[in-house]
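See structure below.
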Amino acid sequence: MSEWKFRRDAIAAFRFVRCGLDPRTGVAQLVYAFDDGPELVETVTVPGAPFVLEGERAAAVERALRLLHLIAGVSYYKAAVPGEIRLDAYTIDADTAALLETVYLNGLGEFAYRNGLDLHGRIRFPHEGGESTAAPALGLREHALVAIGGGKDSLVSIEALRALGVGQTVSWIGGSQLIRACADRTGLPTLNIGRALAPQLFDYNREGAWNGHIPVTAVNSAILVLAALLQGVDQVVFSNERSASYGSLIEGTGEVNHQWSKGWAFETAFGEHIERHVAADLHYYSLLRPLSELAVARQFTRTDRYDAHFSSCNRNFHILGERPVNRWCGVCPKCQFVFLALAPFMSKPRLVGIFGRNLLDDAAQTAGYDALLEFRDHKPFECVGEGRESRAAMAALAARPEWREDALVKRFAREIRPQLSDDDLRIEPLLVIDDEQRIPPRLWERLRAHLAA
Ligand SMILES: CC(=O)N[C@H]1[C@@H](OP(=O)(O)OP(=O)(O)OC[C@H]2O[C@@H](n3ccc(=O)[nH]c3=O)[C@H](O)[C@@H]2O)O[C@H](CO)[C@@H](O)[C@@H]1O[C@H](C)C(=O)N[C@@H](C)C(=O)N[C@@H](CCC(=O)O)C(=O)O
Ligand SMILES: Nc1ncnc2c1ncn2[C@@H]1O[C@H](COP(=O)(O)OP(=O)(O)OP(=O)(O)O)[C@@H](O)[C@H]1O
């Protein structure tokens, strides 16, 4: 064993070795390995232990734990993308294998594109024939674990659920102080779940592992499903908007979606799988699915409660390394997009106050904004809205006296606007509340009324 060295191209198999949860501590161990190399152990710690787990609930927790083990394996599998996947400790059915193949193939879409890899037909989860029996209802308590990410989206959901009188616990994974500050600011009960990647992954990265983006929302979703069962509650709520279902259009390749596991395809496949195979009364859904990014931005402006606390800049969330001093780096695609998306709906002094600067009056940001507008470039691999949303927002600003003299708005009006039709630049059609969602029916009509108010 001590002789084993990580050599990416010599690895034959990725192994799901075993997983376990200690109900006395709330610590779950997810164990993997390449060939006969060292065990790679990821840990997830759910507060609230000891948990008393018996009968059907214990069985559901075990199913959720296995699903988490299988989904979280994507972080390690990607390091070598070997031809064989092995399950050492348990078997899965064809339905589960199909879900995992979809999650790995699509969730690693950007990773594969950037590394020049073709994963089609390569990711095969072994499975045994026969349907597994339908999961029973557990009599879970009506209460929502709401994922919070420190940005505007989850805060919009939290305020909407508050307005509807839905009991909620604001829940997040990892040690981000920024997320904690936002969670505390809600004044609601909180749940901070610990997660530690296997340390060898960072060594393997230095030793030439394949590296790149993974479907982190899929991993976070599976963690919160496990936490919901441990807490005995019936809803896991994310804040993924309609726009997340649309990727970057790459010439010669097609669509590659950085945020695939925030999209509708993942939400439906995962949510249905949970109800069919884990617990019939555990509902996983996104409260913001009916909205575009622009519509979410408009909702966010309804309160200034979080202005001094939130940030959508992903540079805050690196496990290692530097973070922006003032929460917003001010130069990444996410900062650029959120500034643009909020601008049509927020007073200019409030917006500039949040970011500490006016990004739209900075000519050095031209290339970044061109990519958002899909002008001579594709939409960046980041969690940003569709090109048509950026174009409509920019067109709205070009008509406003307080914005139209700013460098990038002026350039848009002069060089890009003349090539676009008026119809494609209207903001109103992008603010329509859509019907494609899996929000529990008992909430939907009241939520629709709240969002439309
Ligand atoms: C913070 C961030 O944006 N990280 C992305 C970045 O990774 P980097 O190396 O710069 O820093 P770390 O995040 O600290 O990662 C260190 C290494 O660990 C790997 N890793 C991390 C988390 C994990 O769950 N599994 C892992 O294997 C990671 O690959 C690094 O090697 O660049 C990476 C490569 O493109 C991205 O994968 C990192 O993204 C994180 C996984 C992450 O949490 N990103 C979210 C902020 C994010 O992008 N969220 C999207 C949702 C996308 C989705 O499909 O779910 C969003 O905001 O919409
Ligand atoms: N560390 C985390 N723990 C739990 N959920 C998270 C975490 N980070 C992000 N999420 C959730 O994942 C989803 C996508 O994250 P995303 O970054 O788009 O949302 P956000 O942070 O709420 O808003 P913004 O788009 O402005 O950054 C959201 O539902 C968010 O709550």
Side-chain angles (χ1 to χ4, degrees), residues 40 42 44 71-79 103 106-111 113-115 145-158 170-176 178-180 182-183 191-199 201-206 209-224 227 236-241 243-244 247 257-263 266-267 284-289 293 296-297 300 306 310-323 327-329 332-335 337-339 341-342 381-385:
L40 308 169
E42 175 164 332
V44 171
I71 289 179
V74 72
S75 293
Y76 309 94
Y77 167 83
K78 72 150 173 3
V103 171
N106 293 290
L108 291 176
E110 175 191 337
F111 160 89
Y113 168 72
R114 287 193 188 231
N115 286 304
L145 290 192
V146 185
I148 182 169
K152 62 185 178 351
D153 301 0
S154 31
L155 294 168
V156 167
S157 291
I158 288 163
V170 172
S171 310
W172 75 103
I173 293 137
S176 165
L178 187 148
I179 301 181
R180 177 179 294 283
C182 289
L191 183 75
N192 180 203
I193 298 168
R195 177 179 181 224
L197 289 168
L201 182 64
F202 299 91
D203 301 333
Y204 293 175
N205 283 345
R206 281 191 294 275
W210 293 114
N211 201 355
H213 192 58
I214 57 115
V216 64
T217 306
V219 177
N220 287 340
S221 299
I223 291 174
L224 285 180
V236 170
V237 183
F238 272 70
S239 304
N240 299 324
E241 67 289 341
S243 317
N257 192 352
H258 167 83
Q259 33 185 352
W260 182 81
S261 64
K262 286 175 60 184
F266 173 76
E267 184 185 331
Y284 168 87
Y285 61 94
S286 171
L287 201 80
L288 302 187
R289 185 65 66 201
E293 277 275 11
V296 176
F300 182 78
Y306 302 104
F310 86 110
S311 175
S312 304
C313 175
N314 280 344
R315 294 190 181 173
N316 290 292
F317 304 117
H318 295 290
I319 300 169
L320 309 168
E322 285 186 21
R323 298 188 171 85
R327 292 180 289 125
W328 300 92
C329 77
C332 73
K334 198 103 189 256
C335 284
F337 176 76
V338 173
F339 190 94
L342 289 171
F381 289 125
E382 260 287 2
C383 308
V384 294

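These numbers come from a predicted model, not from an experiment. Atoms within a ligand are numbered from 1 in the order they appear, just like the ligands themselves.
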*asked:* Minimum heavy-atom separation for K78 and G212, please, with both atom names.
replied: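 Looks like CE-O, 3.4 Å.
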*Which heavy-atom pair separates F266 from S261 by the least distance, and what is that distance?*
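In this case the closest contact between F266 and S261 is CD2-O, 3.1 Å.
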*Sub-3.5 Å donor-acceptor pair from the side chain of Y76 to the main-chain atoms of A198, do we have one?*
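The answer is yes, because a donor-acceptor pair under 3.5 Å joins these two groups.
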Closest protein heavy atom (residue, atom, distance) for [atom]:
atom	value
atom 55 (O) of ligand 1	T217 OG1, 2.5 Å
atom 8 (N) of ligand 2	G149 CA, 3.6 Å
atom 38 (C) of ligand 1	H213 ND1, 4.3 Å
atom 43 (O) of ligand 1	V216 CG2, 3.7 Å
atom 18 (O) of ligand 2	K262 NZ, 2.7 Å
atom 29 (O) of ligand 1	N211 OD1, 3.2 Å
atom 31 (O) of ligand 2	A147 O, 2.9 Å
atom 13 (C) of ligand 2	N240 OD1, 3.3 Å
atom 24 (O) of ligand 1	R195 NH1, 2.8 Å
atom 21 (O) of ligand 2	G151 N, 3.0 Å
atom 15 (O) of ligand 1	I319 CD1, 4.1 Å

Hey, looking at [atom], which of [options] has the closest heavy atom?
atom	options	value
atom 19 (C) of ligand 1	Q259, R315, K78	K78
atom 16 (C) of ligand 1	Y76, Y77, Y204, F202	F202
atom 34 (C) of ligand 1	S261, A72, G174, G212	G212
atom 19 (O) of ligand 2	V338, I223, D153	D153
atom 6 (C) of ligand 2	N192, I173, I148	I148
atom 56 (C) of ligand 1	S75, C383, A198	C383

Determine whether any heavy atom of [X] lies closer than 4.0 Å to an atom of ligand 1.
X	result
E110	no
L201	yes
V219	no
R114	no

*Is there a ring pair (Phe, Tyr, Trp, His ring centres under 6.0 Å) between Y77 and W210 once you walk through the steps?*
CA-CA 9 Å; Y77 167 83; W210 293 114; over 10 Å; no
*Any heavy atom of K334 sitting closer than 4.0 Å to ligand 2?*
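K334: in contact with ligand 2 (<4.0 Å).
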So, for [atom], does the protein have a heavy atom nearer than 4.0 Å?
atom	answer
atom 49 (N) of ligand 1	yes
atom 40 (C) of ligand 1	no
atom 5 (C) of ligand 1	no

*Enumerate the atoms of ligand 2 whose separation from the nearest heavy atom of S154 is less than 4.0 angstrom.*
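Counting atoms of ligand 2 from 1, those under 4.0 Å from S154 are 20 (P), 22 (O), 31 (O).
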*Quickly, which of H258, H213, Q259 forms a side chain to side chain contact (heavy atoms under 4.5 Å, CB included) with F381? Name it, please.*
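Looking at H258, H213, Q259, the match for F381 under the side chain to side chain contact (heavy atoms under 4.5 Å, CB included) is H258.
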*asked:* Below a 4.0 angstrom heavy-atom separation, can you tell me which part of S312, side chain or backbone, both or neither, approaches ligand 2?
replied: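 Both of them.
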*Find all atoms of ligand 1 within a distance of less than 4.0 Å from any non-hydrogen atom belonging to N205, and give their numbers and elements.*
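Counting from 1, the qualifying ligand atoms are 31 (O).
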